[in-house]
Amino acid sequence: MSIEERERLCLALDTLDRDEILGTVDELKDLVGYFKIHAGFTLHGPGLVRDILARDVKVFLDLKLYDIPNTLAHYGEAVTRLGVHLVTIDPSGGLAMMRSVAEAAARTAAELGTGRPKLLGVTLLTSVDQHVLNNEMNIAGTVEDEVRRRALLAAEAGLDGIVCAPAETRAIRHELPADFFYVTPGTRSAGHSNHDHKRIGTHAEAVAGGASLLVVGREIRQAADRRKAALKVLDQIIR
Ligand SMILES: O=c1ccn([C@@H]2O[C@H](COP(=O)(O)O)[C@@H](O)[C@H]2O)c(=O)[nH]1
């Protein structure tokens, strides 16, 4: 498996078990380029991130940052110092908030002489559908319009890409920067459970729509044979 092929797939490590997290990275690092953590980071801290990075893979820190600009500037510096590769931000916090993380990350990277993480706006969670958007979040309009609006805001703020559902990339990419990075969770092999996602697609559909990176969790992590499950997903990505 080439690096380019591996780096189309991110495994979501949605478990709090530190040994399981590191064991899974060891088991799959020749097949999977990115590993995503969130709750595991909250429990085990930056030491866990460093232990994953030491395995020569990329780390996606899925923090979905949302706070006032001054606070997010500290996060921009912290995630850059930590050396992770992808970080998520909630665009509903507005332009100043997103710009503040982007500027702090760039400033820190320049000071350190390193790269900085790619910063990704989470447009609308893949568990949100039309009903939730209109009746629980009290946002009028269609899911597609809201995803587009947040994606444009993320680009205007200087973020590097977005997280969106598999079907949405194709519809909005012509309005976004040519080098924008598209991350799609909620992708599944045909016939696999949707779990708690409302806006899903197959791995192949996500790739055909222009996804840069597919985030897959339970389909691989909960499989009896994880390597076989990862290869099945990769086969659909690089076909
Ligand atoms: O809109 C979003 C944003 C992030 N996610 C994350 O992706 C994985 C999906 O895991 P599966 O087990 O393949 O369902 C998970 O870590 C989410 O936090 C998302 O699903 N939707």
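The figures that follow rest on heavy atoms only: side chains count, while hydrogens, waters and symmetry mates do not. Counting starts at 1 for both ligands and their atoms, following the listed order.
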Side-chain donor/acceptor pairs under 3.5 Å, residues 42-51, sequence neighbours excluded:
unit_1, atom_1, unit_2, atom_2, d
His44, NE2, Leu16, O, 2.7
Asp51, OD2, Arg18, NH1, 3.3
Asp51, OD2, Arg18, NH2, 2.8

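Protein heavy atom at the shortest distance from atom 13 (O) of ligand 1 is Gly217 N, 2.8 Å. In terms of protein heavy-atom proximity, atom 1 (O) of ligand 1 is closest to Thr126 N, 2.9 Å. Nearest non-hydrogen protein atom to atom 7 (O) of ligand 1 is Pro185 CB, 3.5 Å. Of all protein heavy atoms, the one closest to atom 20 (O) of ligand 1 is His197 CE1, 2.8 Å.
Near Asp14, meaning under 4.0 Å from any of its heavy atoms, are these atoms of ligand 1: 15 (C), 16 (O). Atoms of ligand 1 found under 4.0 Å from any heavy atom of Arg188 (numbered from 1 in listed order, with element): 11 (P), 13 (O), 14 (O). Numbered from 1 in the order shown, with element, the atoms of ligand 1 that lie under 4.0 Å from a heavy atom of Val216 read 13 (O). Those atoms of ligand 1 that come under 4.0 Å of a heavy atom in Arg218, given as number and element, are 11 (P), 12 (O), 13 (O), 14 (O). Of all atoms in ligand 1, listed by their number and element, those nearer than 4.0 Å to a heavy atom of Val215 are 7 (O), 8 (C).
The pair Arg199-Glu168 counts as a salt bridge, with a side-chain nitrogen and a carboxylate oxygen less than 4.0 angstrom apart. Using a 4.0 Å cut-off between charged nitrogen and carboxylate oxygen, Asp14 and Arg221 do not count as a salt-bridge pair.
Taking only nitrogen or oxygen atoms, main chain and side chain alike, Lys36 reaches within less than 3.5 Å of ligand 1. Not one N or O of Glu219 is nearer than 3.5 Å to an N or O of ligand 1, by distance alone. By the 3.5 Å distance cut-off applied to N or O atoms, Asp196 is not counted among the residues near ligand 1. Looking at ligand 1, you won't find any N or O of Ala12 less than 3.5 Å from one of its N or O atoms.
When side chains are defined from C-beta on, Glu175 counts as touching Arg148, because their heavy atoms get closer than 4.5 Å.
Note: the hydrophobic cluster containing Ile89 also contains Val79 (ILVMFWY, side chain heavy atoms under 4.5 Å, direct or indirect links).
Aromatic ring pairs are classed by plane angle as parallel below 30°, tilted from 30° to 60° and perpendicular above 60°; the pair Tyr34 and Phe181 is tilted.
Here the side chain of Arg8 pairs no donor or acceptor atom with the backbone of Val207 at under 3.5 angstrom. At least one donor-acceptor pair under 3.5 Å links the side chain of Glu5 to the backbone N or O of Ser2.
Contacts of Lys64 with ligand 1, taken as heavy-atom pairs under 4.0 Å, involve the side chain alone.
Partners of Lys64 according to the salt bridge (charged side-chain N to carboxylate O under 4.0 Å, His left out) rule, which considers only residues two or more places apart in sequence or in another chain, are Asp62.
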